[in-house]
Amino acid sequence: MEKQALLYEGKAKKLYKTDEEGVLWVEYLNQATALNGVKKDQIQGKGELNNQITSEIFEKLKERGISSHFIKKLSKTEQLVEAVTIIPLEVVVRNIAAGSFSKRLDVPEGQPLKFPIIEFYYKEDRLDDPLINEDHILALEIATTEQIQEIKTITRQINQALIDLFKELSIKLVDFKVEFGLNQAGRILLADEISPDTCRLWDAETNDHLDKDIYRRDLGDIVPVYQEVLRRLEEI
Ligand code: UDP
């Protein structure tokens with residue numbers, strides 16, 4: 001497999017074409033951003049940690065019957081994925097109140113929710129990724145009714161699989177964000193990444209943050225924390 005032209009450079013990843021139709025080469029970068037890019041830093045080692053953690057998680061989801069765009073890990077910082085057209089939605093699942101949910105609705109961080117809440121954000125940097133509902137998605141023709149239903153069904157399956165997986169690692173899955181794409185056959189596939197950058201993970205014993213809140217809230221160095229998540233993932 002040969003890496004070819006750069007297709008897209010995002011905040012955390014670069015995407016390249018390959019010599020195989022429908023297969024893309026992803027390189028994870030060391031850049032960390034928060035507050036929609038207002039806070040930005042280079043953190044040595046972050047790219048390889050997120051590539052390895054995402055690869056582990058996508059493999060474990062596959063074992064549990066949930067397919068994704070992930071094909072294989074190539075190196076510490078690179079992986080191969082199936083080419084998809086990303087649906088411009090950030091699909092957030094919340095099991096425990098935290099972050100913007102706690103702030104917006106004045107619910108204390110750490111309060112368990114009665115059931116998993118699914119939220120949709122319109123992935124549009126220009127608008128700061130606004131929270132939208134299903135009518136907005138239909139009116140803006142971001143997805144069809146059937147696609148929204150399928151996305152919600154897969155998202156609930158991902159949530160349960162991740163809750164079970166992280167429980168084995170003594171980690172509570174507070175909330176997370178996933179993205180979906182359409183592959184060349186028009187099938188909806190889990191895409192992007194699942195890592196401590198996109199999940200809130202709390203140690204089951206201590207409630208310590210094992211995620212990007214360490215960076216967002218200036219609580220310390222994310223590298224040893226992400227290493228700890230990877231260590232626990234590799235142990236099982
Ligand atoms: N999230 C993400 N990318 C974003 C926004 C949120 O991966 O652009 C994840 C975040 O890591 C958390 C969940 O989605 O696990 C919910 O985030 P929230 O809405 O609470 O926003 P935040 O407090 O991170 O601004």
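Both counts, for ligands and for their atoms, begin at 1 and track the order of listing. Worth saying up front: this structure is predicted, and the values here are computed from it rather than measured.
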Taking NZ, NE, NH1 and NH2 as the nitrogens, is one of them in Asp129 or Lys177 under 4.0 Å from a carboxylate oxygen of the other? no
Establish, from distance only, whether the side-chain atoms of Gln79 and Asn51 form a donor-acceptor pair under 3.5 Å. yes
Quick one: list whatever passes ring-ring contact (aromatic ring centres under 6.0 Å, His included) with Phe58, sequence neighbours left out. His69
What atoms in ligand 1 come closer than 4.0 Å to a heavy atom of Ser100? 18 (P), 19 (O), 20 (O), 21 (O), 23 (O)
Going by an N to O cut-off under 4.0 Å, is there a salt bridge joining Lys167 and Asp164? no
What are the atoms of ligand 1, with element, lying closer than 4.0 Å to any heavy atom of Arg94? 16 (C), 18 (P), 19 (O), 20 (O)
Ignoring hydrogens and angles, state whether a donor on the side chain of Asn95 or Asp175 is under 3.5 Å from an acceptor on the partner side chain. no
Within the 4.0 Å heavy-atom shell around Tyr121, which atoms of ligand 1 are there? 19 (O)
Which option wins on minimum heavy-atom distance to atom 23 (O) of ligand 1: Arg217, Arg200, Lys11? Arg200
Residue and atom name of the nearest protein heavy atom (relative to atom 14 (O) of ligand 1), distance in Å to one decimal: Lys177 CB, 3.5 Å
If only side-chain N and O atoms count, and only distance matters, is there a donor-acceptor pair under 3.5 Å linking Asp197 with Tyr226? yes
Protein residue, atom and distance nearest to atom 15 (O) of ligand 1, heavy-atom basis: Asp175 OD1, 2.6 Å
Counting from 1, what ligand 1 atoms have a heavy atom of Gly99 closer than 4.0 Å? 20 (O), 23 (O)
Specify the protein heavy atom at minimum distance from atom 10 (C) of ligand 1: its residue, its atom name, and the distance to 0.1 Å. Arg216 NH2, 3.4 Å
If you count the atoms of ligand 1 from 1 in the order shown, which ones are under 4.0 Å from a heavy atom of Glu90? 3 (N), 4 (C), 5 (C), 8 (O)
Is the closest side-chain donor-acceptor distance between Ser102 and Arg94 under 3.5 Å? no
Looking at atom 25 (O) of ligand 1, is any protein heavy atom nearer than 4.0 Å to it? no
Does Lys212 have a heavy atom less than 4.0 Å from any atom of ligand 1? no
Heteroatom proximity flag, Asp129 to ligand 1, N/O under 3.5 Å: no
Please classify the Lys103 to ligand 1 contact at 4.0 Å (heavy-atom distances, strictly less than): side chain, backbone, both or neither. neither
Counting only heavy atoms closer than 4.0 Å, does ligand 1 sit against the backbone of Glu119, its side chain, both, or neither? neither
One pair to check against side-chain contact (heavy atoms from CB on, under 4.5 Å): Val81 and Trp25. What are the steps and the verdict? CA-CA 6 Å; Val81 301; Trp25 186 299; over 6 Å; no
Do we get Lys172 above Phe166's six-membered ring, with its NZ or CZ under 6.0 Å from the centre and within 45° of the axis? no
Hey, which atoms in ligand 1 end up nearer than 4.0 Å to a heavy atom of Cys199? 11 (O), 15 (O)
Identify which one of Ile158, Ile171, Leu173 satisfies the side chain to side chain contact (heavy atoms under 4.5 Å, CB included) criterion when paired with Ile163. Leu173
Residue-level breakdown please: for Asp197 versus ligand 1, do any non-hydrogen atoms fall below 4.0 Å on the side chain, on the backbone, on both, or on neither? backbone
